[in-house]
There are 2 protein chains.
Amino acid sequence: MSASHTPEDVHDRCAHCVGRRLSVCSSIDDCDLAILANESSRMTVADGRSFIEEGAPANDFFVVTGGRVKLFTLLPDGRRQITGFAEGGHFLGLAASTSYAFGAEALGGATLCRFPHAGMQRLTERFPNLEHRLREEASRELALMQARMTLLGRKTARERVATFLIERCQHLEKPDLSHPVELDLPMPRTDIADYLGLTIETVSRILSAFKKEKLISIRSITHITLLMPERISTIAEGME
Amino acid sequence: MSASHTPEDVHDRCAHCVGRRLSVCSSIDDCDLAILANESSRMTVADGRSFIEEGAPANDFFVVTGGRVKLFTLLPDGRRQITGFAEGGHFLGLAASTSYAFGAEALGGATLCRFPHAGMQRLTERFPNLEHRLREEASRELALMQARMTLLGRKTARERVATFLIERCQHLEKPDLSHPVELDLPMPRTDIADYLGLTIETVSRILSAFKKEKLISIRSITHITLLMPERISTIAEGME
DNA sequence: TACCAGACTTGATTCAGGTCAATGTGATGG
DNA sequence: CCATCACATTGACCTGAATCAAGTCTGGTA
């Protein structure tokens with residue numbers, strides 16, 4: 001235990017963390033939380049600041065404990081593919097062997113919990129269930145990526161934007177497509193475009209088209225209401 | 001031990017399998033091979049036959065022990081995205097929660113080793129290292145998918161085809177881009193197109209263009225020689 | 001040897017989405 | 001309250017890849 005924390009402090013840090021509810025940390029018993037806390041450290045990242053460099057040696061895992069981050073890969077000439085957005089509870093760093101396969105930066109400020117690989121290994125040795133939980137996390141991510149590859153390889157711009165809107169719905173606590181849904185889109189259009197493999201102009205045009213078709217209403221740049229979520233979902237699946 | 005196999009048989013089945021060298025099975029000691037064999041069963045799949053149905057309950061893992069398979073997802077109207085090709089040693093089935101996130105079928109005939117989830121769980125309980133190995137496998141796959149998303153979202157047709165050719169090189173035993181490389185492309189153009197998010201016409205045209213530019217020579221439909229692998233690699237990275 | 005079917009290539013044309021260029025909007029600070 | 005700046009929208013035009021439509025090649029078979 002460090003000089004700056006009593007065991008109580010350390011225990012509490014993990015006990016009240018979103019990761020405790022949502023992430024891999026749930027596989028550790030209350031009584032062992034101090035061990036978990038001792039292998040991890042908190043950090044905050046300011047808006048737009050990068051905390052994982054693509055290609056850098058992969059030394060840490062991260063859990064997003066607050067705010068949002070974006071994950072991306074770059075081509076040498078600067079073209080960017082955003083491979084995902086992550087928020088509270090999301091586990092980061094599995095897509096890496098010796099070096100990270102992606103970069104990551106905060107989207108409007110984020111807090112993270114960092115687990116050095118060595119510490120994580122001590123944890124998995126002590127709590128075998130954690131290793132299983134990590135694999136589950138990787139599996140979930142793999143399944144998502146299958147869908148995203150289909151989006152990028154085979155869907156039209158309209159279908160991509162519709163899929164994005166529906167995805168956002170499903171990140172809400174009670175996803176329900178049978179009634180209008182209010183969405184907050186915290187990322188700029190550039191990020192949406194780079195996530196969907198489109199340009200900002202195309203994203204903008206399609207949102208405008210959806211508005212004209214009364215599928216959505218745009219209350220402000222970040223605040224969109226899906227008026228007919230089920231129709232949008234149909235478009236998203238390419239069945240329109 | 002079953003009626004049809006002596007323990008020796010069972011042991012040998014795993015001992016001489018490519019999975020033993022290349023796949024997750026390498027995390028189990030020689031002396032325990034019989035246990036591994038007892039939790040798995042061999043199967044062969046004829047060319048074009050499907051053995052994983054997208055959306056079906058995920059009950060098994062598979063190791064490719066011979067031949068090749070293709071993995072894909074479908075849209076309701078039949079558009080297809082091939083998410084990967086797998087050959088000897090490849091572990092399949094991690095991209096699934098309760099149901100498979102992808103379909104799989106043999107490409108020119110394949111042999112597989114099937115591990116029911118229940119049996120795999122018994123194995124991971126007995127051999128904790130195996131669970132770690134599964135996670136590594138998932139991480140490797142995740143890293144590959146990052147690159148594939150960038151290809152599908154941000155690369156031009158020319159860059160995609162070049163990337164595909166270079167990827168094929170790297171599947172050879174001694175990848176070396178400093179000299180001409182002979183490649184065998186066992187998949188039809190349709191599969192290449194569905195893998196790259198293009199049409200067969202575009203794939204065909206670009207291969208023809210590469211031929212005209214003396215970057216490759218096409219000895220037969222399946223047999224291509226990369227004359228200037230490093231130039232192709234440069235194109236693949238978008239730096240041409 | 002000729003025929004056929006399926007896979008591939010090539011060419012002509014179209015079109016979805018990109019590019020380039022204004023214009024609009026809304027938050028911040030003087 | 002206006003100027004500024006970054007971001008978003010809209011419009012005109014262009015282009016890379018899709019689509020549509022012939023050919024061509026290959027291997028199997030009779």
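In what follows, every chain begins at residue 1, and chains take the letters A, B, ... in the order their sequences are listed. All values below come from the heavy atoms of this structure, side chains included, with hydrogens, waters and symmetry mates left out.
With rounding to whole Å, A:Leu151 atom CG is found 12 Å from C:dG17 atom P. D:dA8 atom P lies 11 Å from atom CG of A:Leu207, rounded to whole Å. Summarising the geometry, the separation between CG on A:Leu196 and P on C:dA16 is reported as 19 Å, rounded to the nearest angstrom. Residue B:Asp191 contributes atom CG, which lies 14 Å from atom C1' of C:dC8 at whole-angstrom precision. Between the CD1 atom of A:Ile192 and the C1' atom of D:dA8 there is a distance of 11 Å, rounded to whole Å. Taking atom CD1 on A:Ile218 and atom C1' on C:dG24, their separation rounds to 14 Å, with Å as the unit. Rounded to an integer number of Å, the gap from A:Asp194 CG to D:dA8 P is 12 Å. For B:Leu152 and C:dG17, the CG to P distance is 15 Å, given to the nearest whole Å.
A salt bridge is absent between A:Glu137 and B:Arg135; no separation between the charged side-chain nitrogens and carboxylate oxygens falls under 4.0 Å.
Look at A:Ser204 and you won't find any side-chain N or O under 4.0 angstrom from OP1 or OP2 of D:dT10.
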(message) Checking A:Thr199 against A:Thr202 for the side-chain contact (heavy atoms from CB on, under 4.5 Å) test, could you report, in this order, the C-alpha distance in whole Å, the side-chain angles of both residues, the deciding distance, and whether it holds?
(response) CA-CA 5 Å; A:Thr199 59; A:Thr202 299; 3.1 Å; yes
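Applying the ring-ring contact (aromatic ring centres under 6.0 Å, His included) rule to pairs touching residues 54-83 of chain B yields B:Phe51-B:Phe62, B:Phe61-B:Phe91, B:Phe61-B:His117, sequence neighbours excluded.
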(message) Output one letter per nucleotide in nucleotides 11-29 of chain D: B when a protein non-hydrogen atom lies under 4.0 Å from the base, S when only the sugar-phosphate is that close, - when neither is.
(response) BB----SSBB---------
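Take B:Phe85 and apply the ring pair (Phe, Tyr, Trp, His ring centres under 6.0 Å) test, not counting sequence neighbours, and it matches B:Tyr195.
Looking at B:Leu151 and A:Met149, their side chains never come closer than 4.5 Å, going by heavy atoms from C-beta outward.
Atom CZ of residue A:Arg42 and atom OG1 of residue A:Thr44 lie 10.5 Å apart, to the nearest 0.5 angstrom.
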